[in-house]
A.B. asks: 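Okay, handing you the structure first.
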Amino acid sequence: MQSIYALHQKSSDDIEKEEKFLLHSIDSIQDLYLIMLSSLIEIRKKEVVFLETSSKKHLATPEEKNPNRKFVDNAVLQQLEESNSLSIALEKRKINNWTLDDTYILILLNEIKQSALYQKYMVNRKNTYQEDKDFVADVFTEIIAPNEKLYDYLEDNKLTWIDDIPLVNTQIVKQLKQLNEKDEFRVTKLYKDQEDQEFVGNLFRKTVLNEVDLAKEYIDKTPNWDAERIAELDTIILKMAICEFLKFPSIPLKVTINEYLEIAKEYSTPKSSIFINGILDNLIKEFQNENKIQKTGRGLM
């Protein structure tokens, strides 16, 4: 949607250039995912260094000489650090943000250690896997993900990540909660399969190349609206949804409607989702009466 909108704003017909940027933006989501995951590893490493340095002080206290290591011994944090899948991905994509910008790791570590979550967790020195897992998931959800300084850092790093941060954080929390102590942590793939990957370019191209015809499908279904009065994002959302109805047989109608209504709520005007829902509902009935919708396989669900 944003790439099609960008084409409109630039009054450009360079589809290939915009599609390349679109695919690059999606690919960079994997970097964001790895950066957020690696923050957990780096936070633990910083605390290990802190404990070792404190224990070697000339006038170290008994607590500094024999610290509570429950945090650095957290099984889930160690699981992430020992994951071959994660190590390979970080190396392959050259993710070294926290080596260059470790200030943010120190900020996060400090916030964690000052939190009620940490105080409750560190009451004793005994680790159980479930407690470790719950603690890491809660720390990520309540302290790391909402950190404003981290958000600003990520936004400055890559502007396209603004919309991707909630998606990535949700995926990480989901993975943390599903972890099993017997299994290695495995990095999530960016695309489910080849069809999923091809869908991105296909939807972009089929919408852009058929914009005039797609617009004709809804233009006379809006008697109370002049074409010029419809918000530009709404017209793009309608065209993309109609394109999925007519040209993507494996996508169920309900899935298309639900996805685009959510996009409308997030990016367009307050009343857009109601307007779009009404248009799409009427179009589905019309298309079905005219046998214009041909769904197969998953699309029949």
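Computed from a prediction, not measured in an experiment: that's the story for all the values here.
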A.B. asks: Between the side chain of Lys133 and the main-chain N/O of Val76, is any donor-acceptor distance below 3.5 Å?
C.D. replies: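 Not a single qualifying donor-acceptor pair exists.
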
A.B. asks: Out of curiosity, Lys239 NZ to Glu244 CD, how far, rounded to the nearest 0.5 Å?
C.D. replies: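 Here the rounded value is 15.5 Å.
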
A.B. asks: Are the charged groups of Lys292 and Glu217 less than 4.0 angstrom apart, N to O?
C.D. replies: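 Here Lys292 pairs with Glu217 in a salt bridge, since their nearest N and O are under 4.0 Å apart.
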
A.B. asks: Give a yes-or-no answer on whether the side chains of Gln197 and Asp193 include a donor-acceptor pair shorter than 3.5 Å.
C.D. replies: no

A.B. asks: Quick one: does Asn66's side chain have a donor or acceptor within less than 3.5 Å of a partner on Pro62's backbone?
C.D. replies: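 Answer holds: no.
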
A.B. asks: Side-chain contact, heavy-atom cut-off 4.5 Å: Leu280 with Ile276?
C.D. replies: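 Side chain of Leu280 against side chain of Ile276, heavy atoms only: contact under 4.5 Å found.
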
A.B. asks: Indicate whether the side chain of Ser39 and that of Trp98 have a donor and an acceptor atom separated by less than 3.5 Å.
C.D. replies: no

A.B. asks: Once the angle between the rings of Phe199 and Phe248 is folded into 0 to 90°, is it parallel (under 30°), tilted (30 to 60°) or perpendicular (over 60°)?
C.D. replies: perpendicular

A.B. asks: Decide, yes or no, whether a salt bridge links Glu131 with Lys70 under the criterion of side-chain N to carboxylate O below 4.0 Å.
C.D. replies: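 Looking at Lys70 together with Glu131, the answer is yes, because their closest N to O distance falls below 4.0 Å.
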
A.B. asks: Between Glu111 and Asn147, is there a side-chain donor-acceptor contact under 3.5 Å, judged purely by atom types and distance?
C.D. replies: yes

A.B. asks: Less than 4.5 Å apart, any side-chain heavy atom of Glu19 and any of Val200?
C.D. replies: no

A.B. asks: Should Tyr153 and Ile107 count as side-chain neighbours, where that means a heavy-atom distance under 4.5 Å?
C.D. replies: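 No - every pair of side-chain heavy atoms lies 4.5 Å or more apart.
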
A.B. asks: Assess whether a salt bridge exists between Arg125 and Glu63, defined as any Lys/Arg side-chain N lying under 4.0 Å from an Asp/Glu carboxylate O.
C.D. replies: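 Yes.
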
A.B. asks: Under a 3.5 Å distance rule, please check whether Lys295 uses its side chain to pair with a backbone N or O of Leu253 as donor and acceptor.
C.D. replies: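 Answer holds: no.
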
A.B. asks: Under the side chain to side chain contact (heavy atoms under 4.5 Å, CB included) test against Ile165, which residue among Ile29, Leu154, Thr170, Leu150 passes?
C.D. replies: Leu154

A.B. asks: Side-chain donor-acceptor pair under 3.5 Å between Asn127 and Asp132, yes or no?
C.D. replies: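 Yes, because at least one side-chain N or O of Asn127 sits under 3.5 Å from a partner of the opposite role on Asp132.
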
A.B. asks: Is there a donor-acceptor pair closer than 3.5 Å between any side-chain N or O of Thr141 and the backbone N or O of Asp138?
C.D. replies: no

A.B. asks: What residues, two or more places apart in sequence or in another chain, satisfy ring pair (Phe, Tyr, Trp, His ring centres under 6.0 Å) together with Phe287?
C.D. replies: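 With neighbours one apart ignored, the set is empty.
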
A.B. asks: Minimum heavy-atom separation for Leu233 and Ser268, please, with both atom names.
C.D. replies: CB-OG, 4.0 Å

A.B. asks: Just by distance, no angles: are the side chains of Glu64 and Ser54 close enough, under 3.5 Å, to form a donor-acceptor pair?
C.D. replies: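 Note: Glu64 and Ser54 side chains miss the donor-acceptor criterion.
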
A.B. asks: In the structure I gave you, are the side-chain heavy atoms of Glu42 and Asp102 within less than 4.5 Å of one another anywhere?
C.D. replies: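 In short, these two side chains do not touch, never coming nearer than 4.5 Å.
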
A.B. asks: Does one side chain, of Glu232 or Gln9, offer a donor that lies under 3.5 Å from an acceptor on the other?
C.D. replies: yes

A.B. asks: Taking all non-hydrogen atoms of both residues into account, name the closest pair between Thr160 and Ser25 and its distance.
C.D. replies: CG2-OG, 3.8 Å

A.B. asks: Rounded to the nearest 0.5 Å, what's the gap from CG on Asp164 to CE on Met36? Could you check?
C.D. replies: 12.0 Å

A.B. asks: What is the distance from atom CD1 of Ile88 to atom OG of Ser83, rounded to the nearest 0.5 Å?
C.D. replies: 8.0 Å

A.B. asks: Between Asn74 and Leu77 (side chain of the first, backbone of the second, donor and acceptor by atom type, cut-off under 3.5 Å), is there such a pair?
C.D. replies: yes

A.B. asks: Validate the cation-pi geometry between Lys113 and Phe71: distance from NZ or CZ to the six-membered ring centre under 6.0 Å, angle to the ring axis within 45°.
C.D. replies: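 No, Lys113 does not sit over the ring of Phe71.
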
A.B. asks: Any side-chain donor-acceptor pair under 3.5 Å between Tyr191 and Glu198?
C.D. replies: no

A.B. asks: Can you name the side chain to side chain contact (heavy atoms under 4.5 Å, CB included) partners of Thr188, sequence neighbours left out?
C.D. replies: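 Residues passing side chain to side chain contact (heavy atoms under 4.5 Å, CB included) with Thr188: Tyr33, Gln171, Gln175.
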
A.B. asks: For Phe21, check ring pair (Phe, Tyr, Trp, His ring centres under 6.0 Å) against everything at least two apart and list the hits.
C.D. replies: none

A.B. asks: Going by the rule side chain to side chain contact (heavy atoms under 4.5 Å, CB included), which residues pair with Asp152 if we only count those two or more places apart in sequence or in a different chain?
C.D. replies: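 For Asp152 the side chain to side chain contact (heavy atoms under 4.5 Å, CB included) partners, ignoring immediate neighbours, are Glu155.
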
A.B. asks: Please report the closest heavy-atom contact between Asp31 and Trp161, naming both atoms and the distance.
C.D. replies: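 Reported closest heavy-atom pair: CB-CZ2, 4.0 Å.
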
A.B. asks: Going by heavy atoms in the side chains, are Asn258 and Glu262 under 4.5 Å from each other?
C.D. replies: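 Not in contact.
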
A.B. asks: Can you confirm whether the side chains of Tyr267 and Asp163 place a donor and an acceptor under 3.5 Å from each other?
C.D. replies: yes

A.B. asks: Going through the distances and angles, do Arg205 and Glu18 end up as a salt bridge (charged side-chain N to carboxylate O under 4.0 Å, His left out)?
C.D. replies: CA-CA 10 Å; Arg205 283 184 170 269; Glu18 197 60 43; over 6 Å; no

A.B. asks: Quick one: CD on Glu184 to CG on Leu80, what's the gap to the nearest 0.5 Å?
C.D. replies: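 Separation between the atoms: 10.5 Å.
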
A.B. asks: Quiz question: by atom type and distance under 3.5 Å, do the side chains of Asn180 and Tyr129 form a donor-acceptor pair?
C.D. replies: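 Asn180 vs Tyr129: no donor-acceptor pair found between side chains.
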
A.B. asks: I need the minimum non-hydrogen distance between Ser85 and Val187, along with the two atoms involved.
C.D. replies: OG-N, 2.9 Å

A.B. asks: Evaluate whether atom CD of Glu16 has more than 12 neighbouring non-hydrogen atoms of other residues, nucleotides or ligands under 6.0 angstrom away.
C.D. replies: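 It does not: Glu16 CD has 12 such atoms or fewer within range.
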
A.B. asks: Mind checking what makes ring pair (Phe, Tyr, Trp, His ring centres under 6.0 Å) contact with Tyr121, not counting sequence neighbours?
C.D. replies: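 By the ring pair (Phe, Tyr, Trp, His ring centres under 6.0 Å) rule, Tyr121 matches Phe135.
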
A.B. asks: If you round to the nearest 0.5 Å, how far is CG of Leu22 from CE of Met1?
C.D. replies: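 Reported value, rounded in 0.5 Å steps: 11.5 Å.
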
A.B. asks: Which atom names give the shortest non-hydrogen contact between Glu195 and Ser250, and what distance separates them?
C.D. replies: OE2-OG, 3.4 Å

A.B. asks: May I have the step-by-step check of salt bridge (charged side-chain N to carboxylate O under 4.0 Å, His left out) for Glu52 and Lys57, ending in yes or no?
C.D. replies: CA-CA 9 Å; Glu52 289 177 352; Lys57 285 179 1 184; over 6 Å; no

A.B. asks: Kindly determine whether Asp27 and Arg93 satisfy salt bridge (charged side-chain N to carboxylate O under 4.0 Å, His left out), including the steps that lead there.
C.D. replies: CA-CA 11 Å; Asp27 182 67; Arg93 298 185 74 97; 2.9 Å; yes

A.B. asks: Step by step, work out the side chain to side chain contact (heavy atoms under 4.5 Å, CB included) result for Ile15 and Phe204.
C.D. replies: CA-CA 9 Å; Ile15 298 174; Phe204 176 74; 3.5 Å; yes

A.B. asks: Treating Gln294 as the side-chain partner and Lys247 as the backbone partner, does any N or O pair qualify as donor plus acceptor under 3.5 Å?
C.D. replies: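 No, the answer is negative, given that no donor and acceptor are paired below the 3.5 Å cut-off.
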
A.B. asks: Calculate, to the nearest 0.5 Å, the distance between atoms CD and CD1 belonging to Glu47 and Ile105 respectively.
C.D. replies: 13.0 Å

A.B. asks: How about Glu148: does its CD atom have over 12 heavy atoms from other parts shown lying under 6.0 Å from it?
C.D. replies: no

A.B. asks: Would you please name every residue forming a ring pair (Phe, Tyr, Trp, His ring centres under 6.0 Å) with Phe140, sequence neighbours left out?
C.D. replies: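 Applying ring pair (Phe, Tyr, Trp, His ring centres under 6.0 Å) to Phe140 gives none.
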
A.B. asks: What I want to check is whether the side chains of Ser272 and Thr269 have a donor and an acceptor closer together than 3.5 Å.
C.D. replies: yes

